[in-house]
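All ligand and atom numbering here is 1-based and tracks the order in the structure. As the structure is a prediction and not an experimental result, all values here were calculated from the model.
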Amino acid sequence: MESKFYQAGKHRAEKVQELFAAIARRYDLLNDIMSAGLHRRWKRRLVELALGEGEAGSRKRVLDLCCGTGDIALAFARAGADVTGADFTEEMLRVAEARCGAGGTTAEGTKDLNSQAGRPRNVSWVRADALRLPFPDNSFDVVSVGYGLRNLADIERGLREILRVLKPGERFLSLDFGKPESTAFRAPYFGYLRVVLPILGRVFCGDPDTHGYILASLRDYPAQKGIEELMISCGYRDCGFEEFCLGSMAINYGVKPK
Ligand SMILES: C[S@@+](CC[C@H](N)C(=O)[O-])C[C@H]1O[C@@H](n2cnc3c(N)ncnc32)[C@H](O)[C@@H]1O
């Protein structure tokens, strides 16, 4: 599956930015449709794993990288953490800003089920490239990425940059598409990505390539197992992953050594 938004090599980041600038206003709606709302549950689970079940996030300093329209950053903020949402696509950050500022509406003007009324004071948005973060070493208690690692032009460099800004002993988590082990499940899963997503892209964004991109970007993405190995080779410890829907989604996690 090809997509004009997926280009290996030096134009990779530029094309990713073009893609998310084009779909920013429809991004949240499409996520709900594509996952039948399940992405909200997986994102909540990431926050739980990051902060500890039942543990308040107050005083934790969280960086949500590739924050997009802000789902995960806002969930951390609601749990009481001090959150910085960082992304390199201005249009996505504008939607994130609007979700806070408008007190609970989406870019479409409908009620935002993820948002609380009123502007949360403990979240800020920064335009930044994940491969060159504008933060000092050892700045954050948690770094999270939702559906972002797969989009980086250089995943290993991104993982090393995350390790740099994490405080020693603290945790990184990444939620993204996975590659299921079960051969019986792989066919319908990849069939869904190949056939249904470009249709949704055409209907809602006017271009099949916007959502054909997901399968194209998965091709070179090492998924849960490969990311675990890469994290270990970058120097993370206690690495592992939790899978959902037979491995079609996964949260990878690991800790910066003390
Ligand atoms: C699929 S969206 C994920 C949004 C959000 N985290 C979520 O889970 O819904 C991926 C985001 O990663 C951002 N992104 C991709 N590469 C990036 C990079 N090198 N630096 C910063 N942001 C990047 C894109 O702009 C986009 O907003």
Side-chain angles (χ1 to χ4, degrees), residues 3 5-7 10-35 37-47 50 62-77 83-97 99 106-107 112-115 123 125-135 142-162 165 172-177 193 197 200-201 205 210-218 221 244 249-252:
S3 160
F5 296 107
Y6 184 85
Q7 256 186 47
K10 65 179 173 140
H11 296 299
R12 176 89 171 100
E14 195 184 304
K15 289 286 157 194
V16 167
Q17 240 174 350
E18 211 178 286
L19 165 65
F20 288 102
I23 67 172
R25 290 177 61 81
R26 290 294 172 120
Y27 178 79
D28 293 319
L29 174 68
L30 261 293
N31 270 355
D32 278 338
I33 294 173
M34 283 188 305
S35 72
L38 285 171
H39 73 105
R40 294 163 187 260
R41 186 183 297 178
W42 302 324
K43 288 170 178 170
R44 277 200 301 273
R45 180 63 185 150
L46 179 146
V47 172
V62 175
L63 172 64
D64 182 40
L65 204 49
C66 303
C67 66
T69 57
D71 273 358
I72 294 173
L74 289 168
F76 275 116
V83 189
T84 302
D87 199 286
F88 74 176
T89 306
E90 201 176 324
E91 289 79 356
M92 294 291 271
L93 287 174
R94 249 188 251 138
V95 176
E97 277 273 5
R99 287 173 77 182
T106 66
D112 181 356
L113 300 173
N114 276 327
S115 178
V123 60
W125 310 104
V126 174
R127 189 160 182 213
D129 187 337
L131 304 185
R132 284 170 221 87
L133 291 173
F135 308 111
V142 172
V143 179
S144 60
V145 178
Y147 302 102
L149 277 190
R150 181 173 37 87
N151 298 308
L152 299 185
D154 183 341
I155 296 175
E156 181 174 342
R157 183 164 162 196
L159 287 172
R160 291 189 190 279
E161 190 60 350
I162 289 165
V165 301
F172 164 62
L173 303 98
S174 164
L175 166 67
D176 215 317
F177 285 86
L193 298 180
L197 296 198
L200 293 177
C205 303
T210 57
H211 287 73
Y213 170 83
I214 292 177
L215 183 58
S217 62
L218 255 179
Y221 178 65
F244 311 97
M249 289 289 151
I251 295 175
N252 278 89

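- Less than 4.0 angstrom separates some heavy atom of L152 from each of these atoms of ligand 1: 16 (N), 17 (C), 18 (C), 19 (N).
- I23 CD1 to M92 CE: the interatomic distance, rounded to the nearest 0.5 Å, is 6.0 Å.
- The distance criterion of under 3.5 Å between nitrogen or oxygen atoms is met by D87 with respect to ligand 1.
- Short contacts between ligand 1 and V16, defined as distances under 4.0 Å to a heavy atom of the residue, involve ligand atoms 15 (C).
- No N or O atom of T69 sits closer than 3.5 Å to an N or O atom of ligand 1.
- In D64, neither the side chain nor the backbone holds a heavy atom less than 4.0 Å from any atom of ligand 1.
- By heavy-atom distance, the residue among S144, A13, C67 lying nearest atom 5 (C) of ligand 1 is C67.
- Interface of A128 with ligand 1, defined as ligand atoms under 4.0 Å from a residue heavy atom, comprises 20 (N), 21 (C).
- Of the possible donor and acceptor atoms, none in the side chain of E97 sits under 3.5 Å from a partner among the backbone N and O of W125.
- Checking only distances, T89 does come within under 3.5 Å of ligand 1, N or O to N or O.
- If you check which protein heavy atom lies closest to atom 12 (O) of ligand 1, you get C66 CB, 3.2 Å.
- No N or O atom of G148 sits closer than 3.5 Å to an N or O atom of ligand 1.
- Looking only at protein heavy atoms, the nearest one to atom 20 (N) of ligand 1 is A130 N, 2.8 Å.
- Those atoms of ligand 1 that come under 4.0 Å of a heavy atom in G68, given as number and element, are 4 (C), 27 (O).
- Note that the CD1 atom of I251 and the CG atom of L46 stand 4.5 Å from one another [nearest 0.5 Å].
- Between R94 and E90, at least one side-chain N (NZ, or NE/NH1/NH2) sits under 4.0 Å from a carboxylate O, which counts as a salt bridge.
- The side chain to side chain contact (heavy atoms under 4.5 Å, CB included) with F20 is formed by just one residue from the set N151, T69, L93; it is N151.
- Checking L63, V47, D64, L173 one by one against V142, the side chain to side chain contact (heavy atoms under 4.5 Å, CB included) holds for a single residue, L173.
- Residue A86 places no N or O, backbone or side chain, under 3.5 Å from any N or O of ligand 1.
- Aromatic ring orientation, Y213 versus Y6: tilted (interplanar angle from 30° to 60°).
- Near M92, meaning under 4.0 Å from one of its heavy atoms, ligand 1 places the atoms 27 (O).
- The heavy atom nearest to atom 22 (N) of ligand 1, considering only F88, F177, Y213, Y147, is found in F88.
- For ligand 1, the atoms closer than 4.0 angstrom to any heavy atom of D129 are 18 (C), 19 (N), 20 (N).
- With a 4.5 Å cut-off on side-chain heavy atoms, R132 and R157 count as touching.
- Using a 4.0 Å cut-off to heavy atoms of N151, the atoms of ligand 1 that qualify are 10 (C), 15 (C).
- In this structure, K43 is part of the shell of residues with a heavy atom less than 4.0 angstrom from ligand 1.
- Nearest protein heavy-atom contact of atom 4 (C) of ligand 1 is Y27 OH, 3.4 Å.
- Taking any N or O of I72, backbone or side chain, none lies under 3.5 Å from an N or O belonging to ligand 1.
- A salt bridge links D71 with R99; the closest basic N to acidic carboxylate O contact falls under 4.0 Å.
- Within the 4.0 Å heavy-atom shell around ligand 1 one does not find G70.
- Here H39 contributes atom NE2 and Y147 contributes atom OH; the two are 8.0 Å apart, rounded to the nearest 0.5 Å.
- To the nearest 0.5 Å, the span separating CZ on R45 from CG on L38 amounts to 15.0 Å.
- More than 12 heavy atoms of other residues, nucleotides or ligands shown are found within 6.0 angstrom of CZ on R127.
- The backbone N or O of S174 sits nowhere less than 3.5 Å from a side-chain atom of N252 that would complete a donor-acceptor pair.
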